[in-house]
Number of protein chains: 2
Amino acid sequence: MNLKQLSELLGLSQTTVSRALNGYPEVNRETRERVLKAVRETGYRPNKAAQRLATGKAGSIGLVMPTSPGNSSDVHFSEFLTGLGEEALRHDFHFVLTPADPNDEVGALRRLAASGNVDALFVNYMRGHDPRLEMLKSLSMPFLVHGRSIGSEPDYPFLDLDNEAAFYDATKLLLQLGHRHFALLNGPIYLDFAIRRRNGMEAALAERGLALDETCTSHTPMTDEQGLFAMERILQLEKRPTAVLCSSTVLALGAVRAINQAGLKLGEDISLIAHDDVLTLLKPESFTVPLTTTRSSLRAAGVRIAERLIGEIKHTETFPAQELWKAELIVRASTGVAPAE
Amino acid sequence: MNLKQLSELLGLSQTTVSRALNGYPEVNRETRERVLKAVRETGYRPNKAAQRLATGKAGSIGLVMPTSPGNSSDVHFSEFLTGLGEEALRHDFHFVLTPADPNDEVGALRRLAASGNVDALFVNYMRGHDPRLEMLKSLSMPFLVHGRSIGSEPDYPFLDLDNEAAFYDATKLLLQLGHRHFALLNGPIYLDFAIRRRNGMEAALAERGLALDETCTSHTPMTDEQGLFAMERILQLEKRPTAVLCSSTVLALGAVRAINQAGLKLGEDISLIAHDDVLTLLKPESFTVPLTTTRSSLRAAGVRIAERLIGEIKHTETFPAQELWKAELIVRASTGVAPAE
DNA sequence: AGAAGCAGCCAAAGCGCTTTGAGGAATGGG
DNA sequence: CCCATTCCTCAAAGCGCTTTGGCTGCTTCT
């Protein structure tokens with residue numbers, strides 16, 4: 001069933017039927033109702049490809065899905081995707097996912113844009129001085145960045161968490177509790193958020209004349225296994241830190257296990273603050289010792305990003321180009337006063 | 001840059017250029033090379049929407065992404081997606097993801113098919129007597145099911161794990177170790193795999209004249225939290241089971257925590273076998289007490305499914321319509337001889 | 001030498017939709 | 001009674017590609 005058949009069925013022209021469907025004003029109310037009724041009865045659905053060809057609008061937003069063995073099936077990514085999905089559903093949009101070799105993300109992005117399959121692009125997992133930015137700016141297609149790229153001019157639309165502030169605040173709390181020896185279990189160092197969190201932490205330490213010890217720092221993919229390994233290593237150091245910051249509750253999962261295995265008490269012998277992306281899988285409050293966290297929902301970020309992108313495509317709304325969200329610092333039992341030396 | 005412009009540039013007809021690009025034989029070798037060179041220089045990319053409209057082929061496979069609060073951002077789902085992605089990348093295919101209200105999966109699927117945006121459909125999270133099957137069969141579009149639907153005629157193409165056998169084998173091993181009191185932490189009871197795993201377990205028990213105790217059984221979303229709660233409850237029962245089967249390592253994560261908190265020793269006081277989907281996030285061998293598992297990679301299943309679907313769309317290959325994979329039973333330290341009564 | 005075959009190219013139709021520019025039927029004003 | 005105005009409707013032109021069905025000129029066969 002296509003437009004032509006439908007219009008013949010109704011004894012109307014294709015134009016009128018099309019207008020009736022797309023809510024143009026110059027159609028008689030009665031006619032419109034007749035059309036809508038026929039649509040319901042016949043189950044007619046406009047062919048998207050044709051619609052796209054005619055309008056240039058695809059009703060979909062493109063994203064490149066990272067597929068490296070490294071960050072494969074990242075919980076953080078799928079949590080975010082869920083948020084995007086929720087919002088897209090409300091607008092009858094969908095995503096076009098292009099899986100990409102991580103060495104060719106720029107190429108994947110370019111192909112996606114050129115394919116004519118999408119109206120807007122989205123990128124995340126930003127790196128320092130990210131090469132994708134230049135490419136996106138050169139395209140004449142709306143895009144939105146989740147995160148930022150340190151080292152690049154901030155002249156692009158983004159939504160980011162204030163990672164510096166989050167880890168600055170967390171560190172400050174630990175300092176106030178008397179801690180002096182810190183460890184950091186961070187994400188991969190080339191990622192922007194990891195750089196900023198580290199910066200935030202260092203800034204807070206510097207205020208007290210302290211510096212982050214390299215041996216107490218690890219930059220790894222954010223899995224519980226890596227958290228375990230890193231923490232085990234750190235706990236064997238001569239000068240053991242009493243406070244740990246984790247870039248994810250997933251890392252914290254492993255770290256806590258290492259701490260338990262070492263016979264140390266979380267919140268007493270050692271304090272830990274993790275960043276909580278509000279993963280459905282892993283709630284900081286359901287750890288044996290509930291975790292103190294800096295919290296910001298990845299899912300909510302997904303919703304917001306979809307909202308902005310769709311708004312932009314439809315030209316219905318204008319948004320601030322750049323948003324910086326604040327994380328909440330939520331104190332639970334994993335933080336306590338520093339033990340006496 | 002479109003075909004017309006390109007052909008004018010070359011002084012050829014659109015037909016010839018199109019043929020040259022699509023590998024048709026009736027083009028002079030020399031001409032073809034000229035065309036390819038021009039494409040490289042101009043960066044011409046065919047408009048997918050037009051291509052699709054003309055051919056009816058979209059180069060993409062559609063899937064409905066579950067977005068309920070319940071199974072949101074499911075690690076299992078994204079592990080699988082990664083596999084799909086890997087394979088799709090090799091063939092320059094992409095996915096169209098439609099997020100769907102879980103109460104309207106059939107509708108979402110229908111819309112996706114009708115949109116003309118996809119060449120093939122994929123579904124998973126099958127339920128008993130799943131209504132989507134009828135709908136898929138009525139469509140004239142290739143589809144593939146991950147899992148099966150108990151209660152429906154198995155006359156559709158699927159790829160499934162032999163869940164019955166996996167849990168039958170696991171139970172049998174535990175029986176051989178002398179266990180008599182069993183618990184099962186399973187996924188939602190309406191899901192096909194959960195039903196089959198339970199069946200497999202019951203079959204093995206029945207051979208020894210045993211039955212599964214309802215109070216020792218839980219059917220929940222597969223999160224560590226649910227695993228924790230369920231196990232805590234079960235451990236408080238008067239007649240405590242000595243052997244536990246978990247439908248996921250994620251559930252096991254919580255269950256193991258409950259076991260530890262109860263002061264019980266895994267592999268001595270209580271034995272546990274979990275099904276391992278080979279999640280990158282959660283390796284059974286890196287548990288404090290490494291877990292005995294039934295193993296089958298979700299990601300590998302994703303790869304295979306993409307391979308089959310794409311092959312079908314391109315009509316290049318024929319595959320067996322139905323595949324049943326066997327899980328491997330891998331013994332580690334979480335299983336041991338049943339403790340004396 | 002004429003018929004037949006073939007390689008290589010092209011013009012034009014068509015995929016299903018939107019949108020432009022115009023026309024026909026009422027209505028109201030002069 | 002005629003013209004202007006408003007409301008509704010339509011035919012036709014595109015969107016950028018593939019594909020059908022020729023057409024041309026050259027080689028090969030009889």
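Just so it is clear, the structure is predicted and the values come from calculations on it, not from any experiment. Below, chain A is the first sequence line, B the second, and so on; all start at residue 1.
What separates CE of A/Met1 from C1' of C/dC17 is a distance of 15 Å, to the nearest Å. Rounded to whole Å, atom C1' of D/dC17 lies 15 Å from atom CZ of B/Arg45. If you take NZ of A/Lys4 and P of D/dC10, they are 15 Å apart, rounded to a whole angstrom. Rounded to whole Å, atom C1' of D/dG16 lies 19 Å from atom NZ of B/Lys57. Summarising the geometry, the separation between CG on B/Leu53 and C1' on C/dA13 is reported as 13 Å, rounded to the nearest angstrom. Regarding B/Leu6, its CG atom lies at a distance of 14 Å from the P atom of D/dG16, rounded to whole Å. If you measure from atom CG of A/Asn2 to atom P of C/dG16, you get 5 Å, rounded to the nearest angstrom. Counting to the nearest Å, the P atom of D/dG16 and the NZ atom of A/Lys48 are 20 Å from each other.
Summary of the strand contacts: B/Ala54 and B/Gly11 both lie near DNA chain C, and taking for each the nucleotide with the nearest heavy atom, the more 5' one is attributed to B/Gly11.
Near DNA chain C, defined here as any heavy-atom distance below 4.0 Å, the residues from residues 12-19 of chain A are A/Gln14, A/Thr15, A/Ser18, A/Arg19, listed numerically.
Environment of NZ in A/Lys4: sparse, with no more than 12 heavy atoms of neighbouring residues, nucleotides or ligands closer than 6.0 Å. More than 12 heavy atoms of other shown residues, nucleotides or ligands fall within 6.0 angstrom of atom NZ in A/Lys137.
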Pairs under 3.5 Å (N/O, protein and nucleotides 6-8 of chain D):
none

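Remark: B/Arg29 engages B/Glu33 in a salt bridge, criterion side-chain N to carboxylate O under 4.0 Å.
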Checklist entry - Going through the checks in order, is the side-chain contact (heavy atoms from CB on, under 4.5 Å) test met by B/Thr15 and B/Glu26? => result CA-CA 11 Å; B/Thr15 311; B/Glu26 59 267 77; over 6 Å; no
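Residue A/Tyr44 places none of its side-chain N or O atoms closer than 4.0 Å to OP1 or OP2 of C/dG16. Checking the phosphate oxygens (OP1, OP2) of C/dC15, no side-chain nitrogen or oxygen of A/Asn47 falls inside 4.0 Å. Between A/Tyr24 and C/dT19 there is a side-chain N or O to OP1 or OP2 distance below 4.0 Å.
Between B/Arg148 and the options B/Asp130, B/Asp160, B/Asp155, a salt bridge (Lys or Arg N to Asp or Glu O under 4.0 Å) holds for only B/Asp160. With B/Phe122 as the fixed residue, the ring pair (Phe, Tyr, Trp, His ring centres under 6.0 Å) test singles out one of B/Phe80, B/Phe158, B/Phe95: B/Phe80.
Closest of all the heavy-atom pairs between B/Leu6 and B/Met1 is N-SD, 3.8 Å. A/Leu3 and A/Ser18 make their closest contact through CD1-CB, 4.2 Å (heavy atoms, listed as atom of the first residue, atom of the second, distance).
In terms of the side chain to side chain contact (heavy atoms under 4.5 Å, CB included) criterion, residue partners of B/Ala120 (sequence neighbours excluded) are, by chain and number, B/Ile61, B/Pro142, B/Leu309, B/Ile313.
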